[in-house]
Amino acid sequence: MGRRLDVETRPKKGPGRKTRKQKDPEVPHRVRAFEKSQEEVEGTKKALSSRSKKRSAKRALKLEAKKNGVAAKSESKQQKRPAKSDDESSVPTSKKARAEDFFGRAPDQDNSDDDGLDAPADEFGSSDASGEESDTTEAVVTKKKRKERSTEDAEPEVDGDAQAGGDEADEDDLDLPDDEFVDSNAGSDDDDSGVDETPKNEDGEEEPKFVLPEANEISEEKNRPAELAAVDQRIQEVLGVLADFNNKRESGRKRKEYLALLLRDLCLYYGYNEFLMEKIIQLFPLPEIREFLEANEAQRPVTIRTNILRTRRKDLAQALINRGVNLDPLGEWTKVGLVVYDTQVPLGATPEYLAGHYMLQGASSLLPVMALAPQENEKILDMCAAPGGKTTHISALMRNTGVIYANEPNKNRTKAVVGNIHRMGITNAVICSLDGRKFPKNTQLFDRVLLDAPCSGTGVIAKDPSVKTSKDERDILRRSHLQKELILAAIDCTDARSKTGGFLVYSTCSVLVEENEWVIDYALKKRDVHVVESGLSFGVDGFSRYREHRFHASLKMAKRFYPHEHNMDGFFVCKLKKNSNRILQPDEDEDDDEKSSSSPDPTDPADVEMEDESDQKTGSQATSSDSDDDDVRYSLNTTEADAAESDGGNEAEAELTSAADAPTTSASTSPKQKKKKLKKRERSAAKRPIADAAAESEDETGRPQSSPRSGSGKKAK
Ligand SMILES: C[S@@+](CC[C@H](N)C(=O)[O-])C[C@H]1O[C@@H](n2cnc3c(N)ncnc32)[C@H](O)[C@@H]1O
């Protein structure tokens, strides 16, 4: 057992510290500016008609009431946030739990229920450190509503819409998830004959309906400075209408009109481009859209990972507390993480930091390594390693035995890996600098491979707000293409015959399906691998159905992490087991329509050469920080300009979205193809049920996998 902390000298506990932990939400700059300008121009408003006056008076009253409600709600939310973490084991745990965990347990507590503060022992106490990390954890209770919402909900009910006589699906060029807004009477959305049950207030008076602005009003608005408070109000009203469409819509108005306004207003209010906002709207159910967007406006808690090669978490915590750092254990799911509420010293320059006692690392960065569950004496490849946060974590879990290849093709970023490896006392690493796609295969096979792929960074918008406007369709497709190439290379480097492993973990800090499920689904078709349980005890299930896309059912075993739900960076983690070292031939497992893209196309903008070392941007960023905190998803892929040079524009996009790359879509597959696919799936499923996959995962983590999905009887490749 480690040295007990002196609870007397601990900084005062209680709400004071708890509230300091999270800063007050920052009012967007433009809202503040707007509020100021509102005050200034107060008297200059247009005269209103008497009806408008009445309506606006009512609105004002409603707004006032709502504001009070919201204020009270947000106040309680602010207070409650840590409590949520408590219940849901997100970041961080509750004050009380933390206090007990960290500063000595209650006298009646069983010692065997170790708090995990003797880090080295905890980390390696069982045959599988990572397994233990997860096992000691009460499963995080992901939001009930999300559980209830099956992934199927995210895809429009094409047939239902058709039955509803909705030409809307065709008309809805926004391609937004109508189903999220459909209530039980959804069939009559576009049909005026339906009975409008106008909502009444408590006095039985009709509540004024939200009136959609006319096209000319919108274009007028575009010429004025944005009135963000009004936009905010309108977003709420539109969301309200969409949530109870039949009753609250204006007669004759279609859902797509509201959705178009919502998209426009959300872009305006939060400063995103339409492409990304549309993706976000598609990804989340109505009530969560704003939660996600709001979470991106606040920074995630600062977290550090104890280097168990150098110290124990308890000792590290004490040392930092003595320096004026206010911290606690990160959560029950990790025995090495600490969350820092505030600090009087720069965390990247303390003697403990310089001595390699910890790594500044986002909470979600721990998850892929936990899923990888490295074992002592194994041979492991970290294919995209810089700045080395996960490499050093893997080494620590291997207790510096075996060998880890840390590969980073960007030479400047490689320096950060070298720096971190030295600082953290890693002695089992080989550093290489190759394009992962060209990493030598078959000569070098690894027990486990981590592919923490370069991505769009849509999970870390709080850290890098430029993502809001810098991504477009082409960019995402290009990344997705690179990720697919990398994952095939990573699988080819994994040894299916490994006695202890044969596993690959794929992760990104993107929330987009194109960079996650889509990539895994592609790999399942191209190589002899199957998805296994990650061993992570919380997170949202991956999509097996997403809108018109159909992914392999086992994709549900992948885990998604969201800022608004888990109070950590958005992340995707999926673990694969390699069945054999053979490469599936296209005619062996693919339909004719899927053959075309298996060979690389030299004109494809994604098939690009590595960026040269003169890329000062990535280089300087790599060397300026050796923490994992700048975990921006650097891509060695081309810039827009490069891409434009090397392709014929639309042609390239068409290539990127070719049938082979795309997941199965319900709309585009003919019945014959469907039948053929089904047969194939059944054939391969017969070979390997998901339950087996889970069992293999169980072997590896040394603990039973309790996912209900593993017993679903569905088959995996
Ligand atoms: C998300 S970061 C990796 C973060 C790292 N795993 C960590 O935890 O510190 C992605 C890395 O992939 C690298 N990368 C980009 N293109 C690559 C390629 N073709 N092959 C291998 N790595 C690549 C980028 O330079 C970047 O450093």
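We count ligands from 1, going down the list as the structure has it; atoms in each ligand are counted the same way. Below, all heavy atoms of this structure are taken into account, side chains as well, without hydrogens, waters or symmetry copies.
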Just jot down the ligand 1 atoms closer than 4.0 angstrom to any heavy atom of [X], in number order.
| X | value |
| --- | --- |
| G388 | 9 (O) |
| A386 | 2 (S), 3 (C), 4 (C), 5 (C), 7 (C), 9 (O), 27 (O) |
| M383 | 21 (C), 22 (N) |
| R413 | 25 (O), 26 (C), 27 (O) |

Would you say [X] and ligand 1 have an N/O pair spaced under 3.5 Å apart?
| X | result |
| --- | --- |
| D452 | yes |
| D435 | yes |
| L434 | no |
| A453 | no |
| P454 | no |

Enumerate the ring-ring contact (aromatic ring centres under 6.0 Å, His included) contacts for residues 458-478, please, sequence neighbours excluded, ordered by first and then second residue. none
Name the option, out of H393, E408, K390, that contains the heavy atom nearest to atom 25 (O) of ligand 1. E408
Verify the ring-centre separation between F543 and H549: is it less than 6.0 angstrom? no
Within reach of ligand 1, part of T391 (heavy-atom separation under 4.0 Å): neither
Quick one: look at A385 and ligand 1, take heavy-atom pairs under 4.0 Å, and tell me if it's side chain, backbone, both or neither. backbone
Straight-line distance of T392 OG1 to N307 CG, nearest 0.5 Å: 7.0 Å
Work out whether the distance between some heavy atom of P387 and some atom of ligand 1 is less than 4.0 Å. yes
Listed by chain and number, what are the side-chain contact (heavy atoms from CB on, under 4.5 Å) partners of N400, not counting sequence neighbours? L309, S395, I426, T427, N428
